[in-house]
Each structure stands twice: as C-alpha cells, then as structure tokens.
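Every value quoted in this text rests on a predicted model; they were computed, and no experiment measured them. Letters go in sequence order (proteins before strands), and every chain restarts at 1.
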There are 2 protein chains.
Amino acid sequence: MLKKLDPILHSELRLAVMSLLISLTKAEFTYLKEQTNATAGNLSVQITKLEEVGYITVEKGYKGKVPQTICTISKKGIDAFEQYVNDLKEYLKM
Amino acid sequence: MLKKLDPILHSELRLAVMSLLISLTKAEFTYLKEQTNATAGNLSVQITKLEEVGYITVEKGYKGKVPQTICTISKKGIDAFEQYVNDLKEYLKM
DNA sequence: TAAACAAGTTTAAAATATAAACCAAAATAT
DNA sequence: ATATTTTGGTTTATATTTTAAACTTGTTTA
C-alpha cells in the first residue's frame, strides 16, 4: 500500500530547496532564490515552513552591511528527505 | 537547473491513481478507491482532472445492475508519467 | 539628497485539495 | 408493499496551500 507522502516535502519549491541543501548542507537565501527561480516572497514563506518543522535552521546576519540569511539542513531534514525519497519510489515504480 | 514538475501529476492522489494505472492499464473506480484509501468525492474530482488533460479515459457503464466506472491510462498519460519520473529524479538526486 | 537597488517579510489573492452533503438506483429488512 | 440501508458515484462548500504583489529597512549611486 502506498504510504502517505510528507506534505512538507511534497511541494515543488520546498523540495527544490531541500534538494539543494542535501548537496550543499548550507546556502544563502539569495543563492537559493537564483537556483530555484522563485520569487523572494514565495521563497521566504517556504523557508519559514521548513524551519518551523525543523528540517532546516536559519541564521540571519550580515555580509558586510547587507543582510544575509543562511539556511542549513538539519539531521531531521536529511532523514525526512530520505524517507520521502523512499516513499516516492513506490509511487514511481522504482 | 531543476525542471518544473507537471502540476497534474504532482498531487498525491492523482499520482497514486496514475501509479496504479501504469501497472494495470485499467481499473474500476471502486478498486482505485480501495487501493488509495481516498474518499469517493476526492477520487471523483481527481479522476475528472486526469481525464480533462487526457491522461486517462473514463467509461461509465454497468456491471449487471450497478454502475461501474472504468479508468484507462492513455499514451499521453504514460508519457507524462515517465517525464514526471525523470524530472523528479533530479530533485531526488537519483 | 533623491532615486534606484538589495534582501527580505507580510499580506492578500488565486489555486488546489479535501470531505461533507447530496443523488439515484438497487438490495435488504419489516 | 414499503421503509431502510447500501452501493457507486457527483456536486459543492470549506480548508489548506501556493503564489505574487505590495511593503519595509537599509544601502549604494547619481
């Protein structure tokens, strides 16, 4: 029987962010925005959701004088991503 | 760069239906309902969407005296499913 | 010092998913 | 015979989610 997919990860933009962070561990907001082609508003909302469930941590600081937001994937986030991949494999017949 | 995922397939219930139909080619409404644990209302709506975009065809008839709805996957549906799987692989790092 | 720009956040609108309520016909119980 | 329940769905109203437009705060440039 097909498992229920994690609704936090089953969202195109949040999955894209997590996919990037799986490889990089951490990335700036602006980099994620470039790579995903998302609007800043949409990205901001989705990053907040990922943070709320503990899949990433978010540090706000400064790079010189300009604000900088850095996102880092957590153990919980890595585990959730892997679980999601496994669950999806059954849907995709892999 | 990550490709945009087909929004028709990037829906848990529609993906589950398509996953079943990829293996079986055709299936009854009641069977799909059992296998997905969906409510009839939700399943009805999602089947209609899959039909509207031409990923499945829907035949309504009778099995003896009781109504029977049979869903059949189309070539377009098979192609779309395969494309979706390929696009997702990049998100999932496969 | 005014205008444009960068890095985000907040909010309101649009789209989507979901289930509750409904319908028609058949089977079952009274 | 006639209520009552069950089966196989559809329609519609609500809840949730996504998305982008509008806004904020501070910075650089003209």
Rounding to a whole Å, what distance do you find between A:E59:CD and C:dA7:P? 18 Å
Is it possible for you to say whether B:I70 and B:Y31 belong to one hydrophobic cluster, with membership spreading through side-chain heavy-atom contacts below 4.5 Å? no
Would you kindly give the CG-to-P distance between B:L9 and C:dT16, to the nearest whole Å? 13 Å
Give B:K49 one of three labels, base, sugar-phosphate or nothing, depending on what nucleic acid heavy atoms sit under 4.0 Å from its own. sugar-phosphate
Within the distance-only criterion (no hydrogens, no angle test), does the side chain of B:S74 pair as donor or acceptor with the backbone N or O of B:G54 below 3.5 angstrom? yes
Heavy atoms within less than 4.0 Å of DNA chain D: which residues of residues 13-38 of chain A have one? Give them sorted by number. A:R14
In whole angstroms, the gap separating P of C:dT16 from CG of B:L50 amounts to 13 Å
Per B:T69 side chain, nearest of listed nucleotides C:dT18, D:dT10, D:dG9: D:dG9
Protein-proximity profile, nucleotides 25-30 of chain D, B/S/- by nucleotide at the 4.0 Å heavy-atom cutoff, equals --SS--
Taking CG from A:L43 and C1' from D:dT19, how many angstroms apart are they, rounded to a whole number? 12 Å
Does B:E12 use its side chain to pair, donor to acceptor, with the backbone of A:L5 at less than 3.5 Å? yes
Are B:V17 and B:V45 grouped together when hydrophobic residues (ILVMFWY) are joined by side-chain heavy atoms under 4.5 angstrom apart? no
Using the closest heavy atom to pick a nucleotide of DNA chain D for each, name whichever of A:T39 or B:G41 lands nearer the 5' end. B:G41
Polar side chain donor-acceptor pair, B:D6 to B:Y55, under 3.5 angstrom: yes
As its Watson-Crick or G-U partner within any shown strand, both distances under 3.5 Å, C:dT30 has D:dA1
Nearest listed nucleotide, side chain of B:V45, among C:dA19, D:dA20, C:dT9: C:dA19
Is A:S19 reaching over with its side chain to a backbone N or O of A:L15, donor-acceptor style, under 3.5 angstrom? no
Distance in angstrom units between B:Q68 CD and D:dG9 P, rounded: 7 Å
Nearest-Å distance, CG (B:D6) to C1' (C:dT16)? 14 Å
For atom CG of A:N42 and atom P of C:dA15, their distance in whole Å: 15 Å
side-chain N/O A:K63 vs C:dA6 OP1/OP2, d < 4.0 Å: no
So do B:T57 and B:I73 actually touch side chain to side chain, heavy atoms under 4.5 Å? no
Contact class for B:E12 vs. all strands (heavy atom < 4.0 Å): base, sugar-phosphate, or nothing? nothing
When you measure from the side chain of A:R14 to the backbone N and O of A:L43, does any donor-acceptor pair fall under 3.5 Å? no
Counting the atoms with a prime plus P, OP1 and OP2 as sugar-phosphate, which does B:S11 contact under 4.0 Å by heavy atoms, base, sugar-phosphate, or nothing? sugar-phosphate
Rounded to whole Å, please give me the gap between CD1 in A:I47 and P in C:dT9. 8 Å
For residues A:D79 and A:Q83, is any side-chain donor paired with an opposing acceptor at under 3.5 Å? no
Test your reading of the model: is there a side-chain donor-acceptor pair from A:K76 to the backbone of A:V53, 3.5 Å cut-off? yes
